[in-house]
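Throughout, protein chains are lettered first and strands after them, A, B, ... in sequence-line order, and every chain is numbered starting at 1.
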Amino acid sequence: MSAKEINKYQDSLNLPDSPFPMRAGLAKQEPLRLEKWYAEKLYSRIREARKGAEKFILHDGPPYANGKIHNGTAMNKILKDFVVKFKTMSGFDAPYVPGWDCHGMPIEHAMFKELGKSKHEVDRVEFRKGARKYAAKFVDIQREQFKRLGVLGEWDNPYLTMNPNYEADTVRVFGELYEKGYIYKGLKPIHWCTSCETALAEAEVEYADRTSPSIFVKFPVLPDQELPFENCNNPSVVIWTTTPWTLPANRAVCLKEDLEYCAVDLDGETIILAVELADNLFSKLEKTTPEILKIVKGFELQGLILKHPVNDNLTVPIILGDHVTTDTGTGCVHTAPGHGQEDYQIGLKYNLDVVSPVNEKGIFTDDIPEYSGNFVFKGNKLIIEHLREKGILIFTENISHSYPHCWRCHKPVIFRATEQWFMNVDANDMRSTIIEAVDKKVKWLPAASKQRILSMLKLRPDWCLSRQRIWGVPIPVFYCKKCGAELLNKNTIDKFAGIVEKESSDAWFSHSAEKLLPENTACSKCGCVEFRKETDILDVWFDSGVSNRAVLERREQLHVPADLYLEGSDQHRGWFQSSLLVSTGLNGEPPYKTVVTNGWTLAASGEKESKSKGNFIDPASVCDKMGADILRLWFGSVNYMQDVQISQELLKQVADSYRRIRNTFKFLLGNIHDYNPETDPVDYEELLPLDKYMLHSLEKLRGKVTEAYNEYKFYRVFHLIHDFCTVELSARYCDILKDRLYIEAAEGKKRRSAQTVLRKICVDITKLIAPILSFTAEEVWQYIRENSASESDGTNIKSVHLALWPEKQENYINETLESDYNSLWATRDEVLRELEIKRRDGIIGSSLEAAVSLNTRDEKLNALLAKYENELPALFIVSQVELIPEENRKNWSVGHELKALKTIVEKAKGEKCARCWNYSESVGENNKYSDLCARCAEIVNS
RNA sequence: GGGCCUAUAGCUCAGUUGGUUAGAGCGCGCGCUUGAUAAGCGCGAGGUCGAUAGUUCAAGUCUAUCUAGGCCCA
């Protein structure tokens, strides 16, 4: 046969016809789509369309305005976009105001690097101008990247924590919390350079080797206490330290709860230390470790009272802490809360005094008369001598070890307790209020999230708000120059906040205290009219923590509490808590109703992505190469509440799934090209059974997909829709329908029945996938509209993102049909398996070459097959199906799954119809069309 | 070291209150089709459910321990 003959009846067929391209070309098409969206102001039109509808507020947690976006930031924004688009289509007014965190260390660092200067060499006002510019630059970069991902929102008016209005609110919130009694000044040890006389942030400290004294000191046990050891003589606990000068500030000795301790004899006296470290000490003393008679656990020694090694008027307790190690020392740790971070933390737990009798120059103060006036490192020698005189020094030597130094002057730094501003977590019973609300009022997803934040809230210390930095909102407190009294009240806050609104918080650094204070301000304690300004700034977490006030309460279209916060799981310690503390302080309740967390994006190995390992995937380059929809579909295909793994291979796999969904759309669009939704629909009652069944199936899908979105389980949405496209549509419905669509009369009821359902499926699936495949769904939507935009099915709406979610259609539900078709599909599987066997045997090629005989002893199945007898050839895509008595034939094949079913597949009878390719004995009966079957002859003739 | 989490086919996910032979899709292999064609259809091969111990008549599912990985702390 020649090609011409094959195509003889081609023109009489109704083949699919659609300009919808099979190959997406997303990387090229998406930017064009974005241009249209922004030219048409899609986001504003959505807002306008939903005006007055019930609100759904997803409050954006601000990413840090530094660097380009990575998979973590991309994932989080895309997940938020899924929610906002779904809620919008569901009829909610769901505004999305994105934000950025602009202050803080990383930007300072980048600036210092750029300038080649350190914190103390820059002009604060100039520096802050530069930092502001730097942050703004990255806001712009990230904004463009987020837009490219297809995320819709108020991009032309985001919230920035460095905006003057925002900063003014940050100042006001600090004042309000102060007024309510949440803010206080306390002591906390920080790195301190005695040469530069300044506090140092962790990042300003560099480590270098230094020689320090290493000493072992006895803390005598106070008499008349019960010890778990026998025959003790003058017992004492031995500590080890390399900073003897901190001994005056000692307030406890810390042991580890389950570590083993012993009491051994040293020169006739009993000393107590960790079993593991006894050899270490005795070898230094060049002695043999005595026999250990009894071992006790650390907790058995808890509460013992010891004599203070320096101050004879003091005693100190034995406490327990997890930071005690057996790397070195004695397992008994000298604890001075004013001189070390871990000491401070454990001190908070045991309510120890934070003392730091050292001034800014590193000189002992008059609080320690024995050493006052001496520099701390010189004090080391004096103290060692003093301990030797008291007979409590066991051993001393010099060791070289890694020690923190100032990055500017390279001199060794010390830990010194300084005054810092704190937020009191327990004021006004806040902690229990919060715990109650977190437990009862807030919904946490995944569920374990609640336990995680509760355990943190129960144990967390007060929030240290002070930072010795430049780029941030100043702590708006004044001090009397004469008596040092602090000045902070509603008047000073209002005045300063007003200035900040106009000039930004830079004003704190560019103006004098007098200019920032209300006129005629005088110290209430001493009447002095001169003030100095606090030099510390606020922790950046305080900035973002006030967003519920500065954004949700300030913007007319938003409200507090938000319906949803959706952030990475690291925010349990970060934003979830900071905003919770601020919101509870201000309003007495959490700022959110539901909190969803996403996990981390990892490389395919399950390990962190890193550039050095080359397993780093850049979301921007995925957009450029594969398209944002592929990235979106990937984030929509994984369970993001856990950690997720990304790699080129995984993206490729998702791209395969994408193509399947896309081709399904192409088939749907191609087969409704000549269908007019205004005039051609077939009434539900008159639809063919298979078509009715598909509407049932579609409605079930709609229900499940909607539920999955409402539970924020997008990966279920993906699987549901993908499986529907693959199994229900592509493998079954579409394949079966080809005969009806291509062969039957174009305007006949059989074909229109199918098209009625195809159009409905096409419109609805487009909507169901639109929140995830935002670009592709819009593309399909526009092809539907180009074909025929109809009010009757809502396709008159200009963008799928403005459209409303498919409505529930109870009348489509037909459980009888479902159960019928479940049996028919099972029967079909048996037939297909048998067809494959005959195909292997060379009896048939195409399934249309086959005739199928069926028989079953299962009466229910038999009745069902009889009921659908006329549909069966189409269902199996074969030319003939016969239900015949078992005894009429031999050589039945027994069903694989349906054991009661017997089948015979053989070559179909008759000739192949040149038009429909079915085999039929009617081919040749018609004189005019001798190569056609009866059905085709009639259709062609009409 | 502590708090919390994760672990089912090569991959992404299902697996109800413990109950027959652990499912789906993708990918892979083989074949069909050439009227969804850089498509479509079919069949098939893939799993000691991270490991070990325990509870039970019965464990992917409950308990304990361990291993690997993650987040946050110290």
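Every residue was checked against the side-chain hydrogen bond (donor to acceptor under 3.5 Å, both in side chains) condition with T594(A), not counting sequence neighbours, and none meets it. With sequence neighbours excluded, the residues forming a side-chain contact (heavy atoms from CB on, under 4.5 Å) with L650(A) are W634(A), Q645(A), S647(A), Q653(A), listed by chain and number.
Residues from residues 838-847 of chain A with heavy atoms under 4.0 angstrom of RNA chain B, sorted by number: R839(A), R840(A), G845(A), S846(A).
To the nearest whole angstrom, the two P atoms, one in C43(B) and one in C4(B), are 48 Å apart.
As rounded to whole Å, 5 Å separates atom P of A38(B) from atom CE of M22(A).
Comparing D656(A) and C916(A) along RNA chain B, the residue whose closest nucleotide (by nearest heavy atom) sits nearer the 5' end is D656(A). Nearest-nucleotide positions on RNA chain B for A731(A) and Q571(A) put A731(A) closer to the 5' end.
Side chain R452(A) to base C71(B): a donor-acceptor pair is found below 3.5 Å.
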- Note on the structure: For RNA chain B, the dot-bracket notation using Watson-Crick and G-U wobble pairs below 3.5 Å, [ ] for pseudoknot-type crossings and | for other-strand pairs, is (((((((..((((.....[...)))).(((((.......))))).....(((((..]....)))))))))))).
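Applying the 5.5 angstrom centroid cut-off and the 30 degree plane-angle cut-off, the aromatic ring of W917(A) is stacked upon the base of G35(B).
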- Message: Does the protein touch nucleotides 7-14 of chain B at the base, only the backbone, or not at all? Give it as B, S and - per nucleotide, heavy atoms under 4.0 Å.
- Response: ----BBSS
Atom pairs and distances, side-chain donor-acceptor, residues 451-460 of chain A, under 3.5 Å, sequence neighbours left out:
from    : atom 1 : to      : atom 2 : distance (Å)
S455(A) : OG     : Q451(A) : O      : 3.3
S455(A) : OG     : R452(A) : O      : 3.0
R460(A) : NH1    : Q577(A) : OE1    : 2.9

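A parallel orientation is assigned to the rings of Y640(A) and F714(A), their planes being inclined by less than 30° (bins at 30° and 60°).
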